[in-house]
Amino acid sequence: MNNRPIGFFDSGLGGLTCIPYLMKALPNERIIYFGDTARTPYGSKATSTIRLFSMEIADFLINENVKMIVIACNTVSATCLTELQQKYPNIPIIGIIEPTAEIVSKTCTEQDHIGIIGTKVTIKSRAYEKLIHTLNPKLNLYTTSCPTFVPLIEEGIIQNEIMDLSIKYYLDNFVTYNKINTLVLGCTHYPLIRKNIEKIYSGLRIINPSAEIIQNITAQLKDNDLLSDKPVFDNTFYASDLSENFVNMINRIFENSEFKVAFKSFDLDNCK
Ligand code: DGL
């Protein structure tokens, strides 16, 4: 048993989409979340910059005495999971792409046309294709990046015709031409526009990595004897810029529970 917190991080508020699933599955666990809202989006940045930011955040979370780090960001998982695991060998570090690849390979067949959407960096890395094809090389995969989604979501432009136009701009031809019937939301911000996507493309099966990662977190905590044995009510959500939208999102997710919101800055000069 271990009652230290689990550290989550993302470039902004996207990683928050994992938290309700975690709270439902493991209500005793305490959370320390960091959203790099001052330096978002990561998905169009150089890999070297994303690595630098991720190492800074991991150092911060380890100083906060977390027992595990969850990379609640596809872009970071696609680019620096191995580096982070090598740098911090004494703490379990979980990426979000592996658990999703397992679900895709277990639940899809060769008849499916599987679309994977994400940031430019995630799509260019081909991390999803490599992992899924290792598990089942016969699956039909199609990928495309949607670079305006994250900035719009961080701005709170969600239930809005601008967001719907943006979805259609990136996905209309992609879905129709490739006959997509299953869509992987390969960015933790995208569950926040799931309803828009479902409204525009009814009948699509959606795979949500923010939900799929919870099974891996549970398994790792059990395997390492790290589960918490009593409920704690002081979850803390750090952001490098306490934007109105970040705070509103947390209020919306945790309306009935206690939590703390705090500011933590990093050097913006590193944002080259
Ligand atoms: N939520 C991040 C992801 O899953 C978004 C990356 C970004 O900041 O562009 O990839």
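One-based numbering, in listed order, for ligands and for the atoms of each.
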Nearest heavy-atom neighbours spanning Leu192 and Ile158:
O-CG2, 3.3 Å

I'd like to know if [X] and [Y] make a salt bridge, using a cut-off of under 4.0 Å between side-chain N and carboxylate O.
X	Y	result
Lys260	Asp234	no
Arg39	Glu56	yes
Lys87	Glu83	no

Determine whether Ser228 and Asn3 satisfy the following criterion, side chain to side chain donor-acceptor pair (under 3.5 Å), listing intermediate values before the conclusion.
CA-CA 5 Å; Ser228 247; Asn3 294 330; 3.0 Å; yes

Just by distance, no angles: are the side chains of Asn140 and Asp112 close enough, under 3.5 Å, to form a donor-acceptor pair?
no

Once you restrict both partners to nitrogen or oxygen, which atoms of ligand 1 have a protein partner under 3.5 Å, and how far apart are they?
| from | atom 1 | to | atom 2 | distance (Å) |
| --- | --- | --- | --- | --- |
| ligand 1 | 1 (N) | Asp10 | OD1 | 2.9 |
| ligand 1 | 1 (N) | Asp10 | OD2 | 3.4 |
| ligand 1 | 1 (N) | Thr188 | OG1 | 2.7 |
| ligand 1 | 1 (N) | His189 | ND1 | 2.8 |
| ligand 1 | 4 (O) | Asn74 | N | 2.8 |
| ligand 1 | 4 (O) | Asn74 | ND2 | 3.1 |
| ligand 1 | 4 (O) | Thr188 | N | 2.9 |
| ligand 1 | 4 (O) | Thr188 | OG1 | 3.3 |
| ligand 1 | 8 (O) | Ser11 | OG | 2.5 |
| ligand 1 | 8 (O) | Tyr42 | N | 2.7 |
| ligand 1 | 9 (O) | Tyr42 | N | 3.3 |
| ligand 1 | 9 (O) | Gly43 | N | 2.8 |
| ligand 1 | 10 (O) | Asn74 | N | 3.4 |
| ligand 1 | 10 (O) | Thr75 | N | 3.1 |
| ligand 1 | 10 (O) | Thr75 | OG1 | 2.6 |

